[in-house]
Amino acid sequence: MPTSSASPTDSARSAGGGVQSLERAFDLLERMADAGGEVGLSELSASSGLPLPTIHRLMRTLVVCGYVRQQPNRRYALGPRLIRLGESASRLLGTWARPYLARLVEETGETANMALLDGDEIVYVAQVPSKHSMRMFTEVGRRVLPHSTGVGKALLAGFPDAEVRALLARTGMPAATDRTITTPEGFLAALAEVRRAGYAVDDNEQEIGVRCLAVSVPDSPTAAAVSISGPAGRVTDEATEKIVPVLRQVASDLSTALATQNP
């Protein structure tokens, strides 16, 4: 009489129906990213709860594939092959966002942008320009420091002050204009106002004559924000009262759409 037994493939499946080793490998990559990109095996074991032999086996596979590299000090760092995946994912995220940015342009009349926090920098991944003859352009792929931008404020408002201080210490706070905030204390005060108001303002801080309004995209798979930018003469305090509710609604709708892409 034949007997039945679980195959190795079956035993490797997770409770959710996925492949357990894959789930664990991706979890380790995310833990490495959260730790700043470089960790030791003992740190990963402590944070993940996995035994050291399991982590060593998974990391060895990731090293062979190029997604992780081992440093001379025996610690592990995120590898260069992840850059290509990240760049492709950023472009795709920008593509998904374009219809929502087009809505922003239609309802506010101003140029709409989407930006991500990539390491210590803001990178713009999508834009739909205003139909006005006088309008703002930000090149997709452009990188800027977060302290002088509305999207940077919107994103960093979700971080603890200690992490923001550490980021500012790494990047410095050069002045793009005479309105740029150039002290950690001043920037942290601005972030407190973002949290209170629920949106961020770049008031001539990145470019004289330009004002931007920004909100973060809630529950985005990566830290993301949407914004509108226009001449300071159009993006007035009165206009801000009408634009911010639209920004919030579009960010919420985009969040819902992104969630359906990541079931």
Side-chain angles (χ1 to χ4, degrees), residues 26 29-30 33-34 37 67 78 80-131 135-159 164 167 170-171 176 194 199-202 205-207 210-230 235 243-244 246-263:
F26 283 119
L29 289 173
E30 291 189 1
D34 291 342
Y67 296 115
L78 295 175
R81 289 199 70 181
L82 289 171
I83 296 173
R84 182 165 62 91
L85 296 180
E87 290 175 344
S88 297
S90 294
R91 287 194 295 271
L92 186 56
L93 189 58
T95 299
W96 286 336
R98 281 188 63 82
Y100 298 88
L101 300 185
R103 256 180 62 195
L104 270 177
V105 174
E106 195 66 32
E107 296 187 37
T108 69
E110 303 299 344
T111 295
N113 313 281
M114 182 177 187
L116 309 179
L117 184 62
D118 183 21
D120 290 345
E121 297 178 313
I122 295 297
V123 58
Y124 290 90
V125 296
Q127 181 181 87
V128 175
S130 166
K131 297 175 184 177
R135 56 193 176 187
M136 303 301 110
F137 287 100
T138 297
E139 182 181 359
V140 171
R142 182 188 179 199
R143 291 175 174 271
V144 295
L145 296 181
H147 72 281
S148 61
T149 65
V151 285
K153 291 178 186 176
L155 290 170
L156 291 183
F159 286 67
V164 175
L167 182 150
R170 292 190 298 269
T171 63
V194 173
Y199 67 95
V201 181
D202 159 13
E205 296 162 52
Q206 179 66 29
E207 185 177 346
V210 176
R211 293 188 87 219
C212 301
L213 308 173
V215 299
S216 62
V217 179
D219 303 317
S220 174
T222 187
V226 291
S227 70
I228 65 91
S229 56
V235 187
I243 291 171
V244 168
V246 179
L247 265 174
R248 287 174 175 156
Q249 186 60 56
V250 168
S252 175
D253 292 347
L254 177 56
S255 173
T256 300
L258 291 176
T260 66
Q261 299 287 347
N262 295 275

Would you mind reporting whether Glu106 and Lys131 have side-chain heavy atoms less than 4.5 Å apart? yes
If you count heavy atoms of other groups shown closer than 6.0 angstrom to CG of Asp219, is the number above 12? no
Can you find a heavy atom in the side chain of Thr111 that is under 4.5 Å from one in the side chain of Val128? no
Can you measure from CD (Glu207) to CG (Asp202) and round to the nearest 0.5 angstrom? 9.0 Å
Output, in order, the C-alpha distance, side-chain angles, deciding distance and verdict of side-chain contact (heavy atoms from CB on, under 4.5 Å) for Val235 and Leu213. CA-CA 9 Å; Val235 187; Leu213 308 173; 4.0 Å; yes
Any side-chain heavy-atom pair of Val144 and Arg142 under 4.5 Å: yes
When every non-hydrogen atom of Gln206 is compared with those of Ala176, the smallest separation belongs to O-CB, 3.8 Å
Under the criterion side-chain contact (heavy atoms from CB on, under 4.5 Å), I'd like the reasoning laid out for Gln249 against Arg103: C-alpha separation, chi angles, the key distance, then a yes or no. CA-CA 10 Å; Gln249 186 60 56; Arg103 256 180 62 195; 4.1 Å; yes
Donor-acceptor pair, distance only, cut-off 3.5 Å: does the side chain of Ser255 make one with the backbone of Ser220? no
Could you report the tightest heavy-atom contact between Ala112 and Leu101, atom names first, then the distance? CB-O, 3.5 Å
Looking at Ala225 and Ala154, what are the two nearest heavy atoms and their distance? CB-CB, 4.3 Å
Spell out, as yes or no, whether a donor-acceptor pair under 3.5 Å connects the side chain of Lys153 to the backbone of Val201. yes
Would you tell me whether Asn113 and Ser227 have side-chain atoms, one donor and one acceptor, within less than 3.5 Å of each other? yes
The test is side-chain contact (heavy atoms from CB on, under 4.5 Å); show your working for Tyr124 and Val151 and say whether it passes. CA-CA 9 Å; Tyr124 290 90; Val151 285; 3.7 Å; yes
Minimum heavy-atom separation for Ala157 and Val194, please, with both atom names. CB-CG1, 3.7 Å
Check: Thr108 side chain, Leu104 main-chain N or O, donor-acceptor pair, under 3.5 Å: yes
Taking all heavy atoms of Tyr67 and all of Leu29, pick out the closest pair and write down the distance. O-CD2, 4.1 Å
Provide the closest heavy-atom pair for Arg248 versus Val215 in the form atom of the first, atom of the second, distance. CG-CG1, 4.2 Å
With a 4.0 Å cut-off, would you call Arg143 and Asp118 a salt bridge? yes
From CG (Leu116) to CD1 (Ile122), nearest 0.5 Å: 8.0 Å
Could you tell me whether a side-chain N or O of Ser216 sits under 3.5 Å from a main-chain N or O of Pro218, the two making a donor and an acceptor? no
Reported CZ-to-CD distance for the pair Arg211 and Glu205, which is rounded to 0.5 angstrom: 9.5 Å
For Leu254 and Leu258, run side-chain contact (heavy atoms from CB on, under 4.5 Å): C-alpha distance rounded to whole Å, both residues' side-chain angles, the deciding distance at 0.1 Å, then the answer. CA-CA 6 Å; Leu254 177 56; Leu258 291 176; 4.1 Å; yes
Out of curiosity, Thr222 OG1 to Leu117 CG, how far, rounded to the nearest 0.5 Å? 7.5 Å
Thr149 side chain to Pro146 main-chain N or O, any donor-acceptor pair under 3.5 Å? yes
Check whether any side-chain heavy atom of Val226 lies under 4.5 Å from a side-chain heavy atom of Leu247, and answer yes or no. yes
